[in-house]
Each structure stands twice: as C-alpha cells, then as structure tokens.
Amino acid sequence: MDVDKKDSIASDSSDQVVNPWEVSAKDGGKIDYDKLIDQFGCQRLDASLIDRVQRLTSRQPHVFLRRGVFFAHRDFNEVLDAYERGDKFYLYTGRGPSSEALHLGHLIPFMFTKYLQEAFKVPLVIQLTDDEKCMWKNLSVEESQRLARENAKDIIACGFDVTKTFIFSDFDYVGGAFYKNMVKVAKCVTLNKAMGIFGFSGEDHIGKLSFPPVQACLSVPAVPSFPSSFPHLFPGKDKLRCLIPCAIDQDPYFRMTRDVAPRLGYSKPALIESSFFPALQASGENGKMSASDPNSAIYVTDTAKEIKNKINRYAFSGGQDSIEKHREIGANLEVDIPVKYLSFFLDDDTELEHIKKEYGEGRMLTGEVKKRLTEVLTEMVERHRMARAAVTDEMVDAFMAVRPLPSMFE
C-alpha cells in the first residue's frame, strides 16, 4: 500500500510544474514521469497488474494499459484483491465543461473508463464541474450549465451504459448527503493546507477556495469517491471502494481526499493515472493538449479536411530534413507526434510495431505516417460524430436523472 506524501502535493520544481492547472517542463523539455511517481508517492502500473486485469476480466487489456498510457496507480492492487474476493467497486471520473466541443485528449479518460465499466461490470458516476468553470473561466452560471449538457452528449456518445451510469452536474446535484460530505471534508482541510496543495494566493477570490472540497467529495478523492454521497445509488454501502481513472495532474485533488477519507470513516479512493496527451506541435512529451489553441488539438467536431490539414501542417515530425538523410538514419520516434498519436489510437499492435520499425529505420517516410494517422483519426472522429448526433436531450435527462441503477452490478 502506498504512503501518500503530504508536503509537496503538486510537482512544482525548477525542472517541471505539474498540477491541476498547469503542466510544463523546463525549456520545453520532456515530462519526467518517473520523477512524478517519486514526488507524488504513487506506484508504477507494472506488467503483473495488467496481466491480473486480463485474468480477472477474461478480456484483452485496453490499448491504454498495454502501451503504458495509464502508467501509475494508488491502491489499484487492493481494488483487484477485493474484486477477486467478490467485492465490487464503483468508478468515478469527470469533466470540467469549459468549451463547446471536446478534443481527443478529453476523450481518453472516458474511453478508458468505458472499458473498465464493461470489463468489471461496475457502476460509474461522472461529475460535470460546471460550478468550477463558472468560477475559474469567468463564465455565467447559465453558460456553464449549457456547456455541461453539451459535453454530456459527447460523453454519452462514448457508449456508456445508462443502466450503470449516473452523470451529474454540481449546480444540479450538490445538496443533501453530498453537501454533508462537502462540509465534513472542508472541516478537515486547513487554509494553509489548501494554499499549499493548490497554490492559492491572496489575489484569488474565495470561490476558488471553496471548490476543492466539492471536487474531493464528488469526483476524485473525497465527496464523489464517498459512496454515501449517492444514497440513491449505494444505500447502506458506505464501505464500497471507488476507483478513479484520471490524468496524473489531477493527483493533488485525490491526495487531499485520501488524507481525509480515513478520518471520516471511508475507504481511500484508488487511482489509476495516465500520462498526458501531447499537443500536435509538441516535441515528445513536454506537456498536454491545450483547448485554448485550436491548432494544437484534433476536435471531435473537426471535418476530415481539417484533420488532414492539422496533421500535415502542425504535427511535429521526428523525420529528417531530407529524404536522403532520413533513409540513412531514420526518424526520431521519441519526438514524433504522429507515432505518439498512433500509439494512442491505432488498435492493431502488429501494425503499430511495423510502422515504428520501418519509420525508425528510414524505410517509411513522414508523409506515409501522417497519412495513416489521418485515416485513423478521421474514422474515429466520424464514428464519434455519428454517435453524438444520435444523443437526444431526453437521453441526457435519462443519464442525469437521480434514480437507482438496478442492474449496476450485473
């Protein structure tokens, strides 16, 4: 079992900054994930755990597990121990609805969470933090709520099972048992601790100080990860474990919750954490995609023409500056964004290894790799677009209705 470090909650050193609001490496360098594991006190997700997932679920591990996209965890082994004994768990993930459309980086946790829900046959709660975006992004309450419903359509389009999934927005749901847990968490977190964890200063408005308990209770470490926050879903199941798939920059929220949980009589939530999905223009892994730069990302609303143009114009290449030189020494796969994107979204392991070998040894050219990536992403985005078009307002209402989930553990 890991021991949560309590002093340096976010990674903020001269080499790199990783916290819920900023991800950057010095001089545009590469994020050091081994260093993050050491600083945060989580554990590496090793091959033995992945093999165990396959054995317990009787299905091939997701590509994100096989290729190390999800690479770190907290107590995932304990969740598997309990599952093997016949004890179920529930999943929690979320989305801060600050934009009309999602980019591919936003889809990654939902794609993986859908796999976990299907593989383990467990319920899922999805939090839409419309209140957070109202405070941080200077959006009106009404606009934040509208964006939450629009983003819910993209989430539903990922294929979640309505009989096992509850989607809620903070503005609509916070109250009752959920609010009680918020107050309990807030009383356990001092102002000094909140400032140390989240980097608040005297210039931040007090609304920002109030948000971490909401996130902690409802989504990552505290309120959403406490089953009593959802009495309509988990009556009398206060010891039910929660597993949270998330990117590793969200770790500070969860660590605050994990500190608080035992003091309130709850189990610590378990985490399974991913690396960052890089921007198109990035070289290697020096950060994550930004919704503020439309050319840094492929959006689920992009047309086939836009996808092709973005990949050809903006995707950073590890290929050489002449065909002759490329044939001689091959591509630098460590910095090549098309290869990295294919590592996320090309399902065929054999084809991916063939591309990496041929491209890395100079027999395949950059244009050929970008062409294959364009095909993969165009098909993926079109499939998502068709699924989203089929999501009606009535379907959103069904997912967000406060109701029991009678088949949630079947």
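Taking every heavy atom of both residues into account, V369 and P338 meet most closely at CG1-CB, 3.8 Å. Here the closest heavy-atom approach between residue Y341 and residue S296 is recorded as OH-O, 4.2 Å. Contact between Q117 and T165 at its shortest, heavy atoms only, is NE2-OG1, 2.9 Å. T57 approaches V53 most closely through the heavy-atom pair OG1-O, 2.7 Å. Residues C42 and I248 share a closest heavy-atom pair of SG-CD1, 4.3 Å. Taking all atoms of both residues into account, the shortest heavy-atom contact from K310 to D302 is NZ-OD2, 2.9 Å.
In this structure, L271 CG and C242 SG are separated by 8.5 Å, a value rounded to the nearest 0.5 Å. To the nearest 0.5 Å, atom CG of residue L107 and atom CE of residue M380 are 5.5 Å apart. I298 CD1 to F277 CZ: the interatomic distance, rounded to the nearest 0.5 Å, is 8.0 Å. Once rounded to the nearest 0.5 Å, the distance linking CE of M364 with CZ of R327 reads 10.0 Å. Between Y299 atom OH and L102 atom CG the span is 9.5 Å, to the nearest 0.5 Å. Here the CD atom belonging to E78 is positioned 9.5 Å from the NE2 atom belonging to H73, to the nearest 0.5 angstrom.
Every residue meeting the side chain to side chain donor-acceptor pair (under 3.5 Å) condition with H384, not counting sequence neighbours, appears here in chain and number order: D154. In this structure E361 satisfies the salt bridge (Lys or Arg N to Asp or Glu O under 4.0 Å) test together with K357, R363, sequence neighbours excluded. Residues passing the salt bridge (Lys or Arg N to Asp or Glu O under 4.0 Å) test with K308: none are found, sequence neighbours excluded. Partners of E100 under the salt bridge (Lys or Arg N to Asp or Glu O under 4.0 Å) rule, at least two apart in sequence or in another chain, are R146. When the side chain to side chain donor-acceptor pair (under 3.5 Å) test is applied to K153, the partners found at least two apart in sequence or on another chain are D393.
Distance alone, capped at 3.5 Å, is enough to place a donor-acceptor pair between the R241 side chain and the K268 backbone. The backbone N or O of F399 lies less than 3.5 Å from a partner atom in the side chain of R403, making a donor-acceptor pair. A distance-only check finds no donor-acceptor pair linking the side chain of N332 to the backbone of G318 [under 3.5 Å]. In this structure, the side chain of N151 engages the main chain of S99 through a donor-acceptor pair within 3.5 Å. Using a distance-only test at 3.5 Å, with no hydrogens or angles considered, no donor-acceptor pair links the side chain of T129 to the main chain of D131. Side-chain atoms of E84 never come within 3.5 Å of backbone atoms of D81 as a donor-acceptor pair (strictly under, hydrogens ignored). In terms of modelled atom types and a separation under 3.5 Å, the side chain of S229 and the main chain of F226 share a donor-acceptor contact. Side chain of Y90 to main chain of S225: a donor-acceptor pair is present (N/O by atom type, distance under 3.5 Å, no hydrogens or angles).
Side-chain contact, Y359 with D336: a donor N or O sits under 3.5 Å from an acceptor N or O. Judged purely by distance below 3.5 Å, without hydrogens or angles, the side chains of Q127 and D170 pair a donor atom with an acceptor atom.
No more than 12 heavy atoms of other residues, nucleotides or ligands sit less than 6.0 Å from atom CD1 of I323. By the neighbour-count criterion of 12 heavy atoms within 6.0 Å, atom NZ of K371 is sparsely surrounded, having that number or fewer from other residues, nucleotides or ligands.
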For a salt bridge (charged side-chain N to carboxylate O under 4.0 Å, His left out) check, start with the C-alpha distance between R44 and D34, then their side-chain angles and the critical distance, and finish with the verdict. CA-CA 8 Å; R44 174 70 68 172; D34 289 328; 2.3 Å; yes
Begin from the C-alpha positions of N181 and S228 and carry the test side chain to side chain donor-acceptor pair (under 3.5 Å) through to its verdict. CA-CA 8 Å; N181 277 336; S228 66; 3.0 Å; yes
Please report the C-alpha distance between F70 and E273 in whole Å, then the side-chain angles of each, then the deciding distance to 0.1 Å, and finally whether the side-chain contact (heavy atoms from CB on, under 4.5 Å) criterion is met. CA-CA 5 Å; F70 279 80; E273 300 178 314; 5.6 Å; no
side-chain contact (heavy atoms from CB on, under 4.5 Å) assessment of L104 paired with F345: CA-CA 10 Å; L104 297 187; F345 299 122; 3.9 Å; yes
Give the C-alpha distance, both sets of side-chain angles, the deciding distance and a yes or no for side-chain contact (heavy atoms from CB on, under 4.5 Å) between I126 and I155. CA-CA 9 Å; I126 299 175; I155 293 168; 3.6 Å; yes
After noting the C-alpha distance and the side-chain angles of E375 and K370, does the key distance pass the salt bridge (charged side-chain N to carboxylate O under 4.0 Å, His left out) rule? CA-CA 9 Å; E375 293 169 350; K370 287 188 173 185; over 6 Å; no
Apply the test side chain to side chain donor-acceptor pair (under 3.5 Å) to residues S169 and D172: give CA-CA distance (whole Å), side-chain angles for both, the deciding distance (0.1 Å), then the verdict. CA-CA 5 Å; S169 79; D172 290 337; 3.1 Å; yes
Does the side-chain contact (heavy atoms from CB on, under 4.5 Å) test come out yes or no for V122 and L91, once each step is laid out? CA-CA 7 Å; V122 291; L91 296 162; 3.8 Å; yes
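I329 places a side-chain heavy atom less than 4.5 Å from the side chain of K325. I37 places none of its side-chain heavy atoms less than 4.5 Å from the side chain of Q43. The shortest distance between side-chain heavy atoms of N295 and L280 does not fall below 4.5 Å. Side-chain contact between K239 and F234 is absent, with no heavy atoms from C-beta onward closer than 4.5 Å. A heavy-atom distance below 4.5 Å is found between the side chains of I311 and I307. Within the 4.5 Å cutoff, the side chain of F120 has no heavy atoms near those of the Y115 side chain. With a 4.5 Å cut-off on side-chain heavy atoms, L116 and H62 do not count as touching. Between R59 and Q54 the shortest side-chain heavy-atom distance does not fall below 4.5 Å.
Note on ring orientation: taking the six-membered ring where Trp is involved, the planes of F112 and F64 are tilted (angle from 30° to 60°). Relative orientation of the F166 and H232 rings is perpendicular, given thresholds of 30° and 60° on the angle between their planes.
Salt bridge R258/D75: present, at least one basic N to carboxylate O contact under 4.0 Å. Salt bridge D161/K164: present, at least one basic N to carboxylate O contact under 4.0 Å.
Counting only residues at least two apart or on different chains, the salt bridge (charged side-chain N to carboxylate O under 4.0 Å, His left out) pairs with a member in residues 345-354 are R66-D349, R67-D349, E351-R372, E353-K356.
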